[in-house]
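Comments concern the structure below.
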Amino acid sequence: MVANRRNGAASTPQGLDDILSPAAPHPRTALPNVATTVTTVAALYFGREVFLPIAIALLLTFALAPLVSALRRVGIPRIAAVIASVLAAFAALALFSFIVATQVSELAQNIPVYQTNILAKIRSLKETGVGGGIISRLSRVVERVGQEIDRQDATLPAATPDKPPREPVPVEIVSREKPLEVLQNIVGPLISPLGSAGLIIVVVIFMLLEREDLRDRFIRLVGYGDLHRTTEALRDAGKRVGLYLLMQLVVNIVYAIPIAIGLWVLGIPNALLWGMLALALRFVPYIGPAIGMLLPLFLALAVAPGWALVAWTAALFVVMELITGNVVEPWLYGSRTGLSPLAIIVAAIFWTWLWGPLGLVLSTPLTVCLVVLGRHVPQFEFLDVLFGNEPVLEPHARLYQRLLAGDPDEATDHAEEMLEEKYLVDFYDKVAIPALLLGERDRMRGVMGDMQRRQVAASALTLVANLDEDAKEEAVEEDAPEVSGEADENGEAGDEEAADLPDGTGLSVLCAGGRGELDDAAAAMLAQVLEVQGAAASTAGFAEMEPSSIRRLDLGAIDTVVVGFLNRDSVKHARFLVRRLKRAKAGLRVGIVFWSEAGNDDSQAAASLAHDINADFVAHGMVDAVTGALSKEQAVALKLVAKRRRPRLGAKKVAAAG
């Protein structure tokens, strides 16, 4: 019946299938000790003069490697391709810097022209407010403070008419520098940036020329024992960083061109300068666009007497940021960097503290490299856990943690996200039941007390109640014709077929817990799935399955009773319950569910176990439990067990005498 409601096999994203599939628990992630962390950070901080150029060169190598490969495929030799790529990249950077410097010089010459408009706006601000204006009040306060500071100390002799105060004699120091010293003062500050740029160019050229050799040396150094993992790490790092830098450049260009054109149309001077600064500053995460917007706003404040130009300039930046952030970026590369939003902020703070403004610009690509390293090298797995955007807990472990914390509302939110693409039976079978199995394991290990066990069970029952609306919506969905091998929107057939569950209309099923509160929660989940299939499902607690309580159960209208156990060592107890229930009502079908994470595809073993305990069926997962509960087969007859007769006392005596 579920398969007829949605064709989930053809439309379900592969990523969600991976999330809902059971996975082995992750081993505990080892964190580096404090000494290692402090030593690494100290080395990066005090050795920034060495590590910073190398980091810039490494990122430029990642960015230029695809261009070099494309030139080599055309037939250009390696050396020529490398030199052409490097020269083109640094020529573009030099041209960019020259245009910015020219525009800044022109702006500095025109600043006095805007003095009148600035003074007019200051006067209008002074006129705002009550009683002379807020600005005037603040100005008077500042003046009084300045007068108090400049007031002459009373202990000093005051000036008299006989002795007027002496006026200070102005002294002018004339520096007679030699031409060589003047040249040194001009060229000196430029030596360090030019030297760093030249060093970066040389390092980039050699990295591109020796890329394969450096790759082999890196593999030999850290990953010779696992060539597959190391090769995948290098490929992933190059792809992520190179794609990020390229796509970020494209996004920034798409953002900067409308900004420059819009500022030119509005009449903002040096619109080309602000567009290029917007392009460069947008490499800085989060705060870059805001900084790029402030400077044109100040200029708009100066060039026009009114406030309309300021408003239009702010609107231009806000609209372009919204379009770029919500349309262009997701369309081009989305979240392919693999970083969480919080990780980007933390990385920006850390690298800025470590290496200054250049560290802020390099923070995102450098952190991407670290996350890729942690994703493929076990020793650095903590980096992927801390900064990656992938879920660090399996869905069933995450659900169990929320149940332990007594927070069924957040658990409901995650469940509803999954139910947008999955059926209720899939969520219970792959997420909720494994979560309850984790609780049963903790109970068996003795780490879960009675109160905590009841809290987990109560939270699970609240989760089931919260999903009641979702269950009703799924139950009333119109049936869709099932098409075998139907393709999805991309033209690819679904990899997994939806479970074809039977229709339960007209059947009445009682779901009961076997031996504890957690079993009761699992029974409530099964009952809700049966209701989705159209059956009249009810629940009973494990206490009602006690020998003294079974006789009081109202089984008159019940067709099938399903008893579930999270504890797999409950075969004897299950056999006892089957006999009690079948004695309570003739012709009653009784099924037993031994809940399991991965289920059990061995139907012969399940049938043999059902025959052994005299049950109508034995299931290990939600799908098999629903199928067995809604089956219309005849009930298995109760087997008669011959009672063993006790030997007579006389016979014992005769045997002893013999």
Side-chain angles (χ1 to χ4, degrees), residues 19-31 385 391-415 418 424 427-467 511-529 539-547 549 562-574 576-577 592-600 619-622 625:
I19 292 176
L20 291 177
S21 61
H26 289 292
R28 184 176 180 180
T29 302
L31 295 175
V385 174
V392 296
L393 288 179
E394 297 293 334
H396 67 280
R398 189 179 186 183
L399 175 61
Y400 178 53
Q401 193 275 332
R402 287 295 85 201
L403 297 180
L404 276 175
D407 187 6
D409 295 331
E410 183 177 345
T412 303
D413 294 338
H414 296 310
M418 295 183 183
L424 192 67
F427 170 72
Y428 282 149
D429 193 27
K430 302 296 177 58
V431 180
I433 294 299
L436 295 179
L437 286 170
L438 291 178
E440 178 64 20
R441 291 172 189 169
D442 287 346
R443 186 198 66 80
M444 295 176 64
R445 292 191 299 119
V447 298
M448 178 185 290
D450 294 339
M451 183 178 296
Q452 195 173 25
R453 184 181 70 251
R454 286 191 289 269
Q455 178 182 344
V456 171
S459 299
L461 291 174
T462 304
L463 170 66
V464 175
N466 292 341
L467 295 180
C511 302
R515 305 186 70 172
E517 293 88 351
L518 298 179
D519 293 333
D520 293 346
M525 296 175 184
L526 176 59
Q528 193 174 64
V529 175
T539 58
F542 75 98
E544 300 178 66
M545 293 291 106
E546 297 293 334
S549 303
V562 183
V563 184
F565 296 90
L566 292 169
N567 186 351
R568 300 294 298 274
D569 299 329
S570 302
V571 177
K572 293 182 179 180
H573 192 70
F576 169 79
L577 288 179
I592 301 297
V593 183
F594 296 108
W595 297 110
S596 174
E597 288 186 9
N600 191 345
H620 298 278
M622 186 65 68

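Atom OH of Tyr428 and atom CG of Leu463 lie 5.5 Å apart (nearest 0.5 Å). With rounding to the nearest 0.5 Å, the separation of NZ in Lys572 from CG in Leu577 is 14.5 Å. Considering CE of Met525 and CG of Leu467, their distance stands at 8.5 Å, rounded to 0.5 Å. With rounding to the nearest 0.5 Å, the separation of CZ in Phe594 from CG in Asp569 is 9.5 Å. Going from atom CE of Met418 over to atom CG of Leu399 covers 8.0 Å, rounded to the nearest 0.5 Å. Taken from CG in Leu437 to OG in Ser596, the straight-line distance is 7.0 Å, to the nearest 0.5 Å.
Here the shortest heavy-atom pairing between Gly406 and Ser459 reads CA-OG, 3.6 Å. The two residues Phe565 and Ala574 make their nearest non-hydrogen contact at CE1-CB, 3.7 Å. Summarising the geometry of Leu436 relative to Ala522, their closest heavy-atom pair is CD1-N, 3.8 Å, with the distance given to 0.1 Å. Between Ala435 and Tyr400, the closest heavy-atom pair is O-CD1, 3.5 Å. The two atoms that bring Ala527 and Thr539 nearest to each other are CB-CG2, 3.6 Å, heavy atoms only. Scanning both residues, Ala523 and Cys511, for their nearest heavy atoms gives O-CB, 3.5 Å.
Side-chain atoms of Thr412 come within 3.5 Å of backbone atoms of Pro408 as a donor-acceptor pair (strictly under, hydrogens ignored). The backbone N or O of Asp409 lies less than 3.5 Å from no partner atom in the side chain of Asn466, so there is not a single donor-acceptor pair. Checking side-chain atoms of Asp442 against main-chain N and O of Met448 turns up no donor-acceptor pair under 3.5 Å. Within the 3.5 Å criterion, the main-chain N or O of Leu566 finds a donor-acceptor partner in the side chain of Asp519. Counting only distance, with no hydrogens or angles, the side chain of Gln528 and the backbone of Val464 share a donor-acceptor pair below 3.5 Å.
Within the 4.5 Å cutoff, the side chain of Met444 has no heavy atoms near those of the Arg441 side chain. Between His620 and Arg568, some side-chain heavy-atom pair lies under the 4.5 Å cut-off.
Between the side chains of Arg515 and His573, not a single donor N or O lies within less than 3.5 Å of an accepting N or O.
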